[in-house]
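A single structure is presented below for examination.
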Number of protein chains: 2
Amino acid sequence: MNAEDNHVDLRVRRTRKLLWEALLDLIMEKDFETINIKELCDRAMVHRTTFYSHYQDKYDLLEQGMQAMYNEMTSLWPSPEKALAQFGWHTPPENFVHIYKHTAENRDFYHRMLCRPGVSSFRSQLSQYFLEYAQARFDRIDLPDSQVPAQAILRFIVGAMLELVTWWVESERPQSPEEMALYTLRLITYGVYPTLGIDPQSHNP
Amino acid sequence: MNAEDNHVDLRVRRTRKLLWEALLDLIMEKDFETINIKELCDRAMVHRTTFYSHYQDKYDLLEQGMQAMYNEMTSLWPSPEKALAQFGWHTPPENFVHIYKHTAENRDFYHRMLCRPGVSSFRSQLSQYFLEYAQARFDRIDLPDSQVPAQAILRFIVGAMLELVTWWVESERPQSPEEMALYTLRLITYGVYPTLGIDPQSHNP
DNA sequence: AAATTTAAACGACACATTGTAGAAAAAAGG
DNA sequence: CCTTTTTTCTACAATGTGTCGTTTAAATTT
């Protein structure tokens with residue numbers, strides 16, 4: 001995936017790729033916790049000792065794979081400034097659109113990671129990423145003093161966002177990413193602004 | 001907990017109680033997955049073979065304990081009909097209040113189960129309970145034809161709800177359960193109604 | 001194309017954990 | 001106090017983990 005990958009021994013890249021694909025395969029079939037390293041290696045056609053020369057354990061492998069997914073998803077997001085500049089009540093937000101597109105392209109993966117019960121560490125990590133991004137946007141807006149703490153609002157946004165994505169990933173999805181992005185925007189901001197005491201129609205966040 | 005418990009051998013009740021408390025203890029200290037049955041039994045001061053005469057494995061124990069928690073939480077909820085009858089924009093919804101109270105009373109447990117990364121199966125099961133209840137309420141409301149599917153709206157509600165509870169459980173919580181219930185109601189319904197094309201102020205859901 | 005370097009495969013190992021079985025000891029319950 | 005039930009105890013097989021040298025194979029370099 002990276003440019004530096006070409007300098008890495010071909011065998012190493014192949015081994016890692018095989019192990020990751022085997023994990024994805026197995027994760028579609030059974031719960032992550034019930035997967036053991038022997039069956040993972042059998043599936044990957046890699047010797048068990050080779051696995052241990054690359055990863056500490058199965059959690060290590062999972063984490064490195066998840067990291068790659070996060071990077072893919074967020075690498076296309078606009079900066080908070082750009083996102084604010086593009087804001088409009090009838091414009092599907094670019095970052096939301098990317099989220100829906102990316103999850104659709106990797107539907108199997110996200111389905112397994114997010115839908116019930118899924119891998120809890122993935123959900124919470126993703127939630128963390130979303131939170132940081134939302135926080136950065138929030139910091140650039142003038143907010144009135146509210147009884148509801150800003151942190152609670154942010155968590156509301158992230159929780160709603162994640163659950164909508166999860167629903168979309170596991171549903172038949174007649175909606176396009178753009179439609180979903182717009183609905184998501186509305187469900188969230190229509191809720192947030194009046195609660196904070198701002199008129200959503202007159203105010204441009 | 002149940003009335004029938006008195007007919008059950010004292011030793012059996014004691015053993016189960018000790019094992020559950022030991023699990024709670026350990027779950028505060030480390031990830032559920034890393035807990036093994038030997039250390040659980042040591043903590044509970046119960047022999048390992050005794051554990052196996054009560055439960056299949058640690059997941060079985062966890063599930064039975066979680067079940068008891070769900071029951072405690074939902075046993076106090078009003079029926080969907082009653083909840084609808086009590087609705088008001090300035091009345092903290094009774095079920096929401098119960099949720100915040102119950103989670104506050106069992107804060108350690110919910111903190112461990114919901115906060116990151118938590119036990120994913122608990123979150124998803126709880127989410128399922130919420131969904132069914134919200135569904136039942138939704139079924140009793142006349143909804144206009146909307147581009148946004150009802151299921152997506154329900155998932156939005158549940159996701160937002162759960163995340164707000166999670167935030168509250170892990171925060172310092174200067175807010176009372178009643179306040180949180182009211183904010184939760186507003187964040188959610190202010191977002192839902194306009195998105196569905198209904199004026200929230202004029203419409204009584 | 002050959003030489004060098006590096007990674008993968010192999011078999012063996014110690015170790016921990018799981019889940020089960022049967023007999024002895026302990027403690028409820030009536 | 002006697003019967004019944006549960007718990008403890010010891011032992012066991014089965015499975016999975018993580019680590020070592022050594023050998024084999026294949027990629028990279030010259």
Side-chain angles (χ1 to χ4, degrees), chain A residues 1-66 68 117 119 121, chain B residues 1-66 68 117 119 121:
Chain A
M1 290 186 180
N2 297 331
E4 293 120 23
D5 277 6
N6 296 325
H7 302 291
V8 176
D9 194 296
L10 174 64
R11 289 166 296 182
V12 172
R13 281 181 292 149
R14 186 191 57 206
T15 297
R16 292 194 175 143
K17 176 169 174 283
L18 287 171
L19 284 169
W20 176 245
E21 285 174 358
L23 181 63
L24 283 187
D25 240 45
L26 283 168
I27 247 177
M28 305 303 160
E29 292 170 21
K30 55 195 297 207
D31 191 285
F32 176 74
E33 288 307 330
T34 71
I35 296 172
N36 69 40
I37 296 179
K38 170 142 182 41
E39 70 183 325
L40 175 73
C41 292
D42 284 352
R43 187 71 64 106
M45 292 191 289
V46 160
H47 201 269
R48 207 163 57 83
T49 50
T50 307
F51 171 88
Y52 283 112
S53 69
H54 288 277
Y55 305 99
Q56 293 254 319
D57 47 37
K58 66 178 179 176
Y59 300 98
D60 190 18
L61 169 60
L62 177 68
E63 206 176 322
Q64 292 193 32
M66 294 193 307
V119 176
S121 65
Chain B
M1 290 186 180
N2 296 332
E4 293 118 25
D5 277 5
N6 296 325
H7 302 292
V8 176
D9 193 296
L10 175 63
R11 289 166 295 183
V12 171
R13 281 181 293 149
R14 186 191 57 206
T15 297
R16 291 193 177 144
K17 177 170 173 283
L18 287 170
L19 284 169
W20 176 244
E21 285 174 356
L23 181 63
L24 282 187
D25 241 46
L26 284 168
I27 247 178
M28 304 304 160
E29 293 169 21
K30 55 195 297 206
D31 192 284
F32 176 74
E33 287 307 331
T34 71
I35 296 172
N36 69 41
I37 295 179
K38 173 148 180 38
E39 69 182 327
L40 175 73
C41 292
D42 285 352
R43 187 70 64 107
M45 293 191 288
V46 160
H47 202 271
R48 208 162 56 85
T49 49
T50 308
F51 171 87
Y52 283 113
S53 71
H54 289 276
Y55 305 99
Q56 293 254 321
D57 48 37
K58 64 178 180 176
Y59 301 98
D60 190 18
L61 170 60
L62 178 68
E63 206 175 323
Q64 293 193 31
M66 294 193 308
V119 176
S121 66

| query | Hey, which of these two, R14(A) or M45(B), hits DNA chain D nearer its 5' end, going by closest nucleotide? | reply | M45(B)

| query | Between L10(A) (CG) and dT29(D) (C1'), how many Å, whole number? | reply | 15 Å

| said: If we ignore hydrogens and angles and just use 3.5 Å, is the side chain of K58(B) paired with the main-chain N or O of F32(B) as donor and acceptor? | reply: yes

Contacts under 3.5 angstrom, residues 45-52 of chain A side chains, donor-acceptor by atom type, not counting sequence neighbours:
from, atom 1, to, atom 2, distance (Å)
H47(A), ND1, T49(A), N, 3.3
H47(A), ND1, T49(A), OG1, 2.9

| query | Can you tell me if CD on E63(B) sees more than 12 non-hydrogen neighbours from other groups inside 6.0 Å? | reply | no

| said: Tell me whether K30(A) at atom NZ has more than 12 heavy atoms from other residues, nucleotides or ligands lying less than 6.0 Å away. | reply: yes

| Rounded to whole angstroms, how far apart are NZ on K17(B) and P on dT6(D)? | 20 Å

| Around atom CD of Q64(B), are there more than 12 heavy atoms of other residues, nucleotides or ligands at under 6.0 Å? | yes

| field | Length of the NE2-P vector between H7(A) and dT28(D), whole Å | value | 12 Å

| query | Of the nucleotides dA8(C), dG19(C), dG29(C), which one has an atom closest to the side chain of R11(A)? | reply | dA8(C)

| said: So if I take residues 56-64 of chain B and measure heavy-atom distances to DNA chain D, which residues fall below 4.0 Å? | reply: none

| task | Drop me the distance from I35(A)'s CD1 to E29(A)'s CD, to the nearest 0.5 angstrom. | result | 8.5 Å

| R13(A) CZ to dA26(D) C1', straight-line distance once rounded to whole Å | 14 Å

| Choosing from dG29(C), dA9(C), dT7(D), which nucleotide comes nearest the side chain of H54(B)? | dT7(D)

| When rounded to the nearest 0.5 angstrom, what distance separates CG in L40(B) from CH2 in W20(B)? | 10.5 Å

| task | Starting from P on dG18(D), measure out to CG on L40(A) and report it in whole angstrom. | result | 12 Å

| request: Could you state the atom-to-atom distance from OH of Y52(B) to P of dT8(D) in whole Å? | output: 15 Å

| query | Taking everything shown except K38(A) itself, do over 12 heavy atoms lie less than 6.0 Å from its NZ? | reply | no

| field | D9(B) CG to dA28(C) P, straight-line distance once rounded to whole Å | value | 8 Å

| field | Footprint string (nucleotides 10-17 of chain C, 5' to 3'): B base within contact, S backbone only, - free, heavy atoms under 4.0 Å | value | BB-----S

| request: Drop me the distance from I37(A)'s CD1 to D42(A)'s CG, to the nearest 0.5 angstrom. | output: 12.0 Å

